[in-house]
Amino acid sequence: MKKTTDVVVVGGGLGGLAVAVLLARGGKKVTLLEKSKHLGGRAHTTEVEGYHFNLGPHALYLGGAAGRVLGKLGVPMPGRSPGEGSFALRGNRLHPMPAGAVSLLMTDLLGAAGKLEFGRVMTGLMKTEAGELEGRSVSGWLDEHVTRVEVREVLEAFFRVATYCADTSAMAADVAVEQFQLARKGVRYLDGGWIGLVRALAGMAGEAGVEVVGSAKVESVVREAGGIQDRVRGVRLADGTEYEAETVVLAGGPRDVAALLPGDEVVAGWVAEAKPVKAATLDVGLSKLPKPRALFALGTDRPWYVSVHSAFAKLAPEGGAMVHVAKYLGGAEESADEAELEGVLDVLQPGWREHVVTKRFLPGLTVMNALPARSLEKRPGPRVEHVRGLYVVGDWVGREGLLVDASLASAETVSRLLGTEAGARAA
């Protein structure tokens, strides 16, 4: 069976939904194909006994591309920004987090000389032009600017929490510094989890006339040879259905794209370069928070993260708490043991085990499809230059942002490119 449309979007995560809405509002006939029964991808939220489980800790960067694109689309983003109750975790002890001038003076995490160096480096870091650091790693940048081990550990922890990446020797300094500066502008935890964004975008897609097809496994992109440049002709599903379209947008990871374009050497190169960023996550729903004022801890000597998201967003029943624990994985480490993460929560919230209602452990969750080891200018797409009519959207695509910022920025770019190209043809 053959069907015809203007644009096929493969993948119903936030990037796929956003590009579908943007293109449909621009007058395109859009069909969105999602292999799962539900939309959202890594933005999907599961509710268990009133506790809202995101896939690990999620935070929306208020100054990033995601906020801009969602705002332009009219997607509500209810929730609050984290604040009080923050600690640094070193040697299984909690220390006041040096997040500002007062807390820096009060903390016992750093000695007098360490506080002076930390203050100097942080001041310089916020004034640094990230683009000037191209070609250096985070480790290389730290080697140049930091002399004290305890200061370096804190700064590495800050880079980890901003980027979700623990491999400072591989990560590009310009990308990490820009992301750190963005994180300092604030983040927001969302009421009800990120499923609210998914539902809002899905509703907007329906209103804009997007045909959304679930449980639709795309088997391949159909294209024809065209000399120097191939041309897209649509997609073929595993059940034999074909969608004919002049434009195909693949909203997924590089390996997902490669599976639909077997034998494509350019795409195979993208896969070879893409090193996934992973984290182990433990999400716990508690009937009661043993220490109500201990809401956040960031490991300095180990890549730990603990956050009570429900203190700032509606994610748990009244009186309950939703707590996220994570271990940022780097190098050859691709998973972690659940007991490790439980031990970290023991430090921030001793006695938590007596109040467990529900919990979920994921030993090796992919949080970003490709570690940015080079400037974002060198990332693929969104336009696939050697196949006319083919575009990619995702957290590994385009010149702007990391994580969901990259996904939504690339979606926005595809919409702009197709609008410009349509205008050029009309002229």
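Starting from 1, each residue takes its place in the sequence as its number.
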Pair Asp405 + Arg68: basic N to acidic O under 4.0 Å
no
Within a 6.0 Å radius of atom CZ on Arg199, are there more than 12 heavy atoms belonging to other residues, nucleotides or ligands?
no
For Asp395, is there any backbone N or O sitting under 3.5 Å from a side-chain donor or acceptor partner on Ser407?
yes
Within the side chain of Asn54, is there an N or O that forms a donor-acceptor pair under 3.5 Å with the backbone of Gly56?
no
If the plane angle is over 60° it's perpendicular, under 30° parallel, otherwise tilted; pick one for Trp141 and Phe159.
perpendicular
Any donor-acceptor N/O pair, Asn369 side chain to Pro276 backbone, under 3.5 Å
no
Report the distance from atom NE2 of His324 to atom OG of Ser310, rounding to the nearest 0.5 Å.
8.0 Å
Kindly check if the number of other-residue, nucleotide or ligand heavy atoms within 6.0 Å of NZ (Lys115) is above 12?
yes
Salt-bridge present (Arg152, Asp143; N to O < 4.0 Å):
yes
Would you indicate whether Met126, at its atom CE, is surrounded by more than 12 heavy atoms from other residues, nucleotides or ligands within a distance under 6.0 Å?
yes
Residues Lys327, Glu340: salt bridge by 4.0 Å N-O rule
yes
State plainly whether the residues Glu150 and Arg90 are in salt-bridge range, i.e. N to O under 4.0 Å.
no
Using modelled atom types only, decide if a donor and an acceptor are shared between the side chain of His52 and the backbone of Met322 within a distance under 3.5 Å.
no
Can Glu377 and Arg399 be counted as an ion pair, charged N to O under 4.0 angstrom?
yes
Please determine if Glu342 and Lys359 form a salt bridge, counting it only when a charged side-chain N lies under 4.0 Å from a carboxylate O.
yes
Compare every heavy atom of Thr31 with every heavy atom of Leu33, then report the nearest pair and how far apart it is.
CD2-CG2, 3.8 Å
Considering non-hydrogen atoms only, spot the tightest contact between Leu376 and Gly401 and give its length.
CD1-N, 3.5 Å
Quick check on salt bridge (charged side-chain N to carboxylate O under 4.0 Å, His left out): which of Arg374, Arg379, Arg255, Lys378 does Glu273 satisfy it with?
Arg374
Can you tell whether the side chains of Asp230 and Arg223 come within less than 4.0 Å, N to carboxylate O?
yes
Could you measure the distance from the NZ atom of Lys35 to the OG atom of Ser215? Nearest 0.5 Å is fine.
12.0 Å
Working to the nearest 0.5 Å, report the span between CZ of Arg184 and CE of Met122.
3.5 Å
Is the backbone N or O of Gly394 less than 3.5 Å from a side-chain atom of Ser410, with the two atoms forming a donor-acceptor pair by type?
yes
Is there a donor-acceptor pair under 3.5 Å between the side chain of Glu117 and the backbone N or O of Arg148?
yes
When you look at Ser169 and Ser137, which way does the side-chain hydrogen bond (donor to acceptor under 3.5 Å, both in side chains) test go after all the steps?
CA-CA 6 Å; Ser169 63; Ser137 68; over 6 Å; no
Per the salt bridge (Lys or Arg N to Asp or Glu O under 4.0 Å) rule, what does the pair list look like for residues 162-172, sequence neighbours excluded?
Asp167-Lys275
In terms of ring plane angle, is the pair Phe158 and Phe180 parallel, tilted or perpendicular, where the classes change at 30° and 60°?
parallel
Given Phe296, Tyr189, Phe53, the one that forms ring-ring contact (aromatic ring centres under 6.0 Å, His included) with His309
Tyr189
Does the pair Glu144/Arg136 count as a salt bridge with the N-to-O cut at 4.0 Å?
yes
Can you tell me if Glu153 has over 12 outside heavy atoms packed within less than 6.0 Å of its CD?
yes
